[in-house]
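Written out below as structure tokens is the structure these notes cover.
As the structure is a prediction and not an experimental result, all values here were calculated from the model.
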Amino acid sequence: VLFGLLALLAPHGLVARLGGGGFYNHDVHEVLRLYGCLRLACGWILWHVRAVDDGRFRRSVCEALSVCYVLQALAVCRAQFTDRHTYVNWVAIAVLVILASAYGSFRFRRGGNLIKIYELPTGGPGASAYDA
């Protein structure tokens, strides 16, 4: 959520400095704002997922976020090595790898048993809530 707020409320001068070259690009600022909105929405969703008891769903969320952050890190790596080389890319790569590692370790550490899946005794294969 913090990254989303920072991206959404970033002033023109900061965007110009982060973009390199010291000039302001409206398109870059707009993409940064859109990314900020996406980060805020993701934070909102994750805040509400905390109350979900379904372990399979929580595992899927962790897997999806881990893969998402890995793909973002790869995209920034590609930009760093093929286009402009900036220190901001290195910071972004580090943050994205840390986030991917955090979600990945939460999901896959200890054989994936950090997120518990509990089933009721009547909840075996083929059973439904309407069988009672």
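In this structure a side-chain-to-backbone donor-acceptor pair under 3.5 Å is missing from Ser66 to Cys62.
Clustering ILVMFWY residues whenever any of their side-chain heavy atoms sit less than 4.5 angstrom apart, transitively, puts Tyr35 in a cluster other than the one holding Val67.
Here the closest non-hydrogen pair linking Ala73 and Val97 is CB-CG2, 4.0 Å.
Here the options are Leu46, Val70, Leu99, the test is side-chain contact (heavy atoms from CB on, under 4.5 Å), and the partner is Leu65; only Leu46 passes.
To the nearest 0.5 Å, the span separating CG on Leu40 from CD1 on Ile45 amounts to 11.0 Å. The structure places CZ of Phe106 at 10.0 Å from CZ of Arg59, a figure rounded to the nearest 0.5 Å. With rounding to the nearest 0.5 Å, the separation of CZ in Arg107 from CZ in Arg58 is 12.5 Å.
Using cut-offs of 30° and 60° on the angle between ring planes, the pair Phe81 and Trp90 is perpendicular.
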Would you sort out whether Leu38 and Cys42 count as a side-chain contact (heavy atoms from CB on, under 4.5 Å), showing the intermediate values? CA-CA 6 Å; Leu38 180 64; Cys42 188; 5.7 Å; no
